[in-house]
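Below, read A as the first sequence line, B as the second, and so on, with proteins coming before strands; counting in each chain starts at 1. These values consider heavy atoms only, across backbone and side chains, with no hydrogens, waters or symmetry-generated copies.
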Amino acid sequence: MADEQTKTKLNFIQQIIEDDLANCLNDGRVHTRFPPEPNGYLHIGHAKSICLNFGLATHYNGKCNLRFDDTNPTKEESEYVESIKEDVTWLGFDWEDRLYFASDYFQCLYDHALTLIKNGKAFVCDLNLEDMRHNRGTLTSPGLESPYRNRDVAENLDLFDRMRKGEFPDGSRTLRAKIDMAAANMNMRDPVMYRVLHAAHHRTGDDWCIYPMYDWAHGLEDSIEGITHSICTLEFEDHRPLYDWFLDQLGVHHPKQIEFARLELNYTVMSKRKLLELVEGGYVSGWDDPRMPTISAMRRRGYPASAIREFCARIGVAKVKGVVDIALLQHCVRDDLNKSSLRVMGVIDPLKVVIENFPQDVVEEMDAVNNPEDPSAGTRKVPFSRVLYIERGDFMEDPPRKFFRLAPGREVRLRYGYFITCTEVIKNDAGDVLELRCTYDPATRGGDSPDGRKVKGTLHWVSHTSAIDAQVRLYDHLFNVVSPLDVPEGGDFKDNLNPDSLQVLSGCKLEPSVKNAKPGDRLQFERMGYFCVDPDSTEAQLVFNRTLTLKDPWAKKQKKQG
RNA sequence: UGGGCUGUGGUGCAAUCGGUAGCACGUCUGACUCUGGAUCAGAAGGUUCCAAGUUCGAGUCUUGGCAGCCCAGCCA
């Protein structure tokens, strides 16, 4: 697989790694990991982390583990584990035989906790949630030490053992690290290491009724796996001293944690909690609704993995929190698809055209180029006949200046077909255009005029004789504002949902060559954009998602003028 | 009236030992074209958060401010 990271200059993480390498740290080893919690589907922000961690590993000839951080059984499910594995693989990365789970380490973590207790560095606390909160103090004032803080080792050992055996109800007791209730860093104020939780775990079932907290588990997991560089997001900067403390107390392998800014994209939200809310509230059809910023949604929509990787390489890595313009992602997708997509003609909003001087029962086979960017893609035949369809938007009865397409009395080219001239407009009583009558110039077969005559417009079209009916789903931003989370007092981010983000069109007409398209296949419908066959397709009807439109200055101008 | 982190064109990133700000996306012009695509050529856009200092020279160093983000879950 192409290593996009080699193309760019060193980012600050690579600089740190190269310094470490130069100093012979970790025997020259580079070992990273991608540690998702299986409580939701992966999104484009995770793709950044995945590309970073796996990319760094391949770049430095190291390894990258996939480890599920499943320390909270109340939120985690196997469905998420499976989707995450699928997404990482689809993105093009391989954890080989290094698939791990935090739950694999529960016993090990427990034993380490025993060590801390024996060394007087951890204690069982009987404070309830409210009292503990109260005793924690505030950002500007120190906390109060727990009255249970100085229990002796034997009692702590006994109580912790009984916690594990299930003698105490949820929330009644915790195991806490004994650090410093007056620390300016809140994370150091005797943090909870274990809580009692009588909940079934997706992998360990009912084996445990106490579960380790993230802060206790995470750094140790990295240590156990021999991770050299623990790359995580900015909000864990203040947690680093705590991980350092645990690791130093235990005297175990000590990875170096490096924090970077997570990806934010405009016109969308990136929090798993909010995405879950959209899914559960039925605002979208599921985690893979093509409007979602999830990897599975992008895959379904037709974004190539290579385009996502390229995007992740281009946005760079830094500690500055920012918001990337979704236009950059779209640019990467277009750039990728432009080179790789086979072209085909499809009319999304059909308008019937009758070529009056074209013979009744003749069907001609026209030669069409499959991909002008790639001659090796070859050509195909497209049927042309007396009755065909063009895009409704390609005709205007009373066109404005600079409208290059069809209008009464005007001549345009049908791509790979003939020049046609509109001679008559047939309307119903309401004035809606029902069909167009045209004539064609037989001398322009294939789309070139022997007399050198030029036309301004070239239209795509589909022959009525062999058109395939399809459903096409058009998408726009899920939210209609740049920053969906910016809401007035009392507002909700869902108020910013774009009511027109999905448009479903049926009766679209496609050229016969797409007949055997399979879910996941990507095509360009000439002039209309890139499309991808949706899994909802049936024998009876193909369903296409529009991945993206082509760049369209005309449409943009129209939109600007309202 | 705590701690941590961060401030470079609209946006995202660059700028080796301090050497006079560059790339990409976006925007706007043209050219070309059997996709109003692609491609090509060009333009606009920056007191590098502010101030003082060191220096021949500061985005880079020093000091002092200011602003933004994160932290008070038995979530991760």
Hey, which of Glu526(A), Glu391(A), Arg415(A), Arg527(A) is the one that makes side-chain contact (heavy atoms from CB on, under 4.5 Å) with Leu459(A)? Arg527(A)

Reckon His239(A) touches a base, only the sugar-phosphate, or nothing at all at heavy-atom distances under 4.0 Å? base

Any idea how Trp461(A) and Phe384(A) line up, ring-wise: parallel (<30°), tilted (30 to 60°), or perpendicular (>60°)? perpendicular

When the P atoms of G19(B) and G73(B) are compared, how many Å lie between them, rounded to an integer? 47 Å

So Phe236(A), base contact, sugar-phosphate only, or nothing? Heavy-atom distance under 4.0 Å. base

Give a yes or no on whether a salt bridge exists between Asp190(A) and Arg136(A), defined as a side-chain N under 4.0 angstrom from a carboxylate O. no

Per atom distances to the Pro553(A) side chain, the nearest of G4(B), G37(B), G73(B) is G37(B)

Checking all strands, does Asn128(A) fall into the base, sugar-phosphate, or nothing category for heavy-atom contacts under 4.0 angstrom? base

Find the distance Asp131(A):CG to C74(B):C1' and express it as a whole number of Å. 13 Å

Quick one, which residues of residues 319-335 of chain A touch RNA chain B with a heavy atom under 4.0 Å? Lys319(A), Val320(A), Lys321(A), Gly322(A), Val323(A), Val324(A), Asp325(A), Ala327(A), Leu328(A), His331(A)

Check every atom of C75(B), G36(B), A38(B) against the side chain of Phe403(A) and return the nucleotide holding the closest atom. G36(B)

Of the nucleotides G37(B), G36(B), C71(B), which one has an atom closest to the side chain of Thr458(A)? G36(B)

Parallel, tilted or perpendicular: which describes the rings of Phe160(A) and Tyr110(A), with under 30° parallel and over 60° perpendicular? parallel

Could you check whether Met528(A) gets within reach of a base, just the sugar-phosphate, or nothing at all, counting any heavy atom under 4.0 Å? nothing

Considering just the side-chain nitrogens and oxygens of Thr71(A), establish if one lies under 4.0 Å of OP1 or OP2 belonging to A76(B). yes

Answer with base, sugar-phosphate or nothing: what part of the nucleic acid does Arg240(A) contact at a heavy-atom distance below 4.0 Å? nothing

Of the candidates C74(B), G2(B), U35(B), the side chain of Arg415(A) sits closest to U35(B)

Regarding Asp448(A), tell me which of base, sugar-phosphate or nothing describes its non-hydrogen contacts under 4.0 Å with the strands shown. base

Mind calculating the distance between CG (Leu548(A)) and C1' (U35(B)) to the nearest angstrom? 16 Å

Looking across every strand, which nucleic acid part, if any, lies under 4.0 Å from Asn72(A) by heavy atom: base, sugar-phosphate, or nothing? sugar-phosphate

Is it true that Phe544(A) and Phe525(A) have ring centroids separated by less than 6.0 Å? yes

Check the angle between the aromatic planes of Tyr41(A) and Tyr80(A) and answer parallel, tilted or perpendicular using the 30° and 60° thresholds. perpendicular

In whole angstroms, how far is the P atom of C5(B) from the CD atom of Glu259(A)? 9 Å

Just the rounded figure in Å: distance from C1' of G36(B) to CZ of Arg410(A). 13 Å

Pairs under 3.5 Å (Watson-Crick or G-U), crossing ones as [ ], inter-strand ones as |: RNA chain B comes out as .((((((..((((.....[..)))).(((((.......))))).....(((((..]....))))))))))).....

For the CZ atom on Arg151(A), are there more than 12 heavy atoms of other groups (residues, nucleotides or ligands in this structure) within a distance under 6.0 Å? yes

Reckon Glu237(A) touches a base, only the sugar-phosphate, or nothing at all at heavy-atom distances under 4.0 Å? sugar-phosphate

OP1 or OP2 of C75(B) versus the side-chain N and O atoms of Arg195(A): is any pair under 4.0 Å? yes

Whole-Å gap separating P (A76(B)) and NE2 (His46(A)): 15 Å

Taking the six-membered ring for Trp, are His477(A) and Tyr267(A) parallel (under 30°), tilted (30 to 60°) or perpendicular (over 60°)? parallel

Taking the cut-offs as 6.0 angstrom to the six-membered ring centre and 45 degrees off its axis, would you call Arg173(A) and Phe168(A) a cation-pi pair? yes

Taking the same atom, C1', in C49(B) and in A67(B), what whole-Å distance lies between them? 7 Å

Over 60° means perpendicular and under 30° means parallel, so classify the ring planes of Phe34(A) and His46(A), tilted if in between. perpendicular

Grab the CZ-P distance between Arg405(A) and U35(B) for me, whole Å please. 13 Å

What's Asp238(A) touching, base or sugar-phosphate or nothing? Going by heavy atoms closer than 4.0 Å. base

Which nucleotide wins on minimum distance to the side chain of Thr140(A), given the candidates G2(B), G4(B), A76(B)? G2(B)

Looking for any heavy atom pair under 4.0 Å, which part of the strands does Arg176(A) touch: base, sugar-phosphate only, or nothing? nothing

Have a look at Glu37(A) and say if it touches a base, only the backbone sugar-phosphate, or nothing, with a 4.0 Å heavy-atom cut-off. sugar-phosphate

Between Gly316(A) and Lys402(A), which residue's closest nucleotide on RNA chain B lies nearer the 5′ terminus? Gly316(A)

Would you check if the distance from the ring center of His201(A) to the ring center of Phe106(A) is below 6.0 Å? yes

With a non-hydrogen cut-off below 4.0 angstrom, is Gln524(A) in contact with a base, only sugar-phosphate, or nothing? base

Nearest of G12(B), G37(B), A72(B) to any side-chain atom of Ile315(A)? G12(B)

Rounded C1' spacing from G12(B) to U54(B) in Å: 34 Å

Please work out if Tyr211(A) contacts a base, only the sugar-phosphate, or nothing of the nucleic acid, heavy-atom cut-off 4.0 Å. nothing

Separation of C75(B) C1' from Ile210(A) CD1 (nearest whole Å): 18 Å

Using OP1 and OP2 only, check whether a side-chain N or O of Arg413(A) sits under 4.0 Å from U35(B). no

Ala184(A) has a side chain; which of G26(B), G73(B), G3(B) sits nearest to it? G3(B)

Using a cut-off of less than 4.0 Å, is there contact between a side-chain N or O of Arg133(A) and OP1 or OP2 of G73(B)? yes

For RNA chain B, whose closest nucleotide is more 5', that of Gln15(A) or that of Leu234(A)? Leu234(A)

Would you say a side-chain N or O of Arg273(A) is under 4.0 Å from OP1 or OP2 of G73(B)? no

In whole angstroms, the gap separating C1' of U39(B) from NZ of Lys551(A) amounts to 11 Å

Give me the atom names and distance for the closest heavy-atom approach of Val462(A) to Lys509(A). CG2-O, 3.5 Å

Mind checking Pro241(A) for me? I need base, sugar-phosphate or nothing, with any heavy atom below 4.0 Å counting as a touch. nothing

Which label fits Tyr243(A) and His239(A): parallel for a plane angle under 30°, tilted from 30 to 60°, or perpendicular past 60°? tilted

